[in-house]
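Contents: one structure, followed by commentary.
For reference, positions follow the sequence shown, starting with 1.
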Amino acid sequence: RQPDRHLLGAETPTDPPHVLIVESTYGVMSHEPRELRELRFTAAVHAILQRGGKCLIPVFALGRSQELLLILDAYWRDHPELHKVPLYYASGIAKRCM
């Protein structure tokens with residue numbers, strides 16, 4: 001598992017668990033490296049903006065939204081041609097978390 005940009009890893013308990021409940025949506029999938037996924041994502045966003053388009057990115061989890069915003073923020077910093085392009089984030093839950 002690769003670390004997220006916005007959350008620290010969980011602590012591993014010293015005692016073995018009696019019961020373990022896990023979320024396994026992607027439990028049997030092998031993902032490409034995070035750096036490659038981020039590169040493909042930012043390249044797609046940049047290509048859309050270069051041709052005058054707008055990006056609407058539906059995200060269904062607050063943590064994933066935060067992760068994508070951090071990725072875009074870092075990309076914007078490294079690309080001065082995007083500094084005048086605003087990023088908008090609309091979420092009722094996020095407003096309560098910030």
Side-chain angles (χ1 to χ4, degrees):
R1 171 144 166 71
Q2 295 179 344
D4 288 334
R5 291 173 178 251
H6 67 294
L7 296 174
L8 300 175
E11 294 179 13
T12 305
T14 54
D15 296 328
H18 296 289
V19 176
L20 178 64
I21 300 171
V22 297
E23 190 283 323
S24 60
T25 302
Y26 299 106
V28 295
M29 298 186 74
S30 186
H31 293 287
E32 63 189 356
R34 179 179 51 85
E35 292 82 11
L36 182 57
R37 289 191 319 261
E38 288 181 12
L39 181 63
R40 286 190 313 108
F41 170 66
T42 54
V45 170
H46 199 149
I48 291 166
L49 295 174
Q50 281 183 319
R51 63 178 189 255
K54 294 177 175 39
C55 295
L56 176 63
I57 306 167
V59 183
F60 303 104
L62 179 61
R64 181 66 60 216
S65 300
Q66 293 169 327
E67 183 86 3
L68 290 177
L69 285 170
L70 288 168
I71 291 166
L72 290 172
D73 183 60
Y75 189 80
W76 252 242
R77 256 183 307 193
D78 294 340
H79 293 83
E81 69 275 16
L82 296 176
H83 289 181
K84 292 186 178 185
V85 177
L87 291 173
Y88 297 100
Y89 180 65
S91 168
I93 293 174
K95 288 178 186 173
R96 286 176 270 183
C97 294
M98 295 180 164

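Distance check, rounded to the nearest 0.5 Å: CD of Glu38 to OH of Tyr75 gives 12.0 Å. The CD atom of Gln66 sits 6.5 Å away from the OH atom of Tyr89 when rounded to the nearest 0.5 Å.
Screening residues 40-53 for salt bridge (Lys or Arg N to Asp or Glu O under 4.0 Å), with sequence neighbours left out, gives Glu32-Arg40.
Linking Ile, Leu, Val, Met, Phe, Trp and Tyr whenever their side-chain heavy atoms come within less than 4.5 Å puts Leu49 and Ile71 in one cluster. Taking hydrophobic clusters as Ile, Leu, Val, Met, Phe, Trp and Tyr residues chained together by side-chain heavy-atom distances below 4.5 Å, Val85 shares a cluster with Leu68. No path of Ile, Leu, Val, Met, Phe, Trp and Tyr side chains, each step under 4.5 Å between heavy atoms, connects Leu70 with Leu87, placing them in separate hydrophobic clusters.
Nearest heavy atoms, His79 versus His83: O-CD2, 3.5 Å. The two residues Leu82 and Trp76 come nearest to each other via the heavy atoms O-NE1, 3.0 Å.
Taking a 4.5 Å side-chain heavy-atom cut-off between Ile, Leu, Val, Met, Phe, Trp and Tyr, the cluster of Ile48 contains only that residue.
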Side-chain donor-acceptor distances from residues 56-63 under 3.5 Å, at least two apart:
none

Tell me, with the steps shown, if Glu81 and Gln50 meet side chain to side chain contact (heavy atoms under 4.5 Å, CB included).
-> CA-CA 10 Å; Glu81 69 275 16; Gln50 281 183 319; 5.6 Å; no

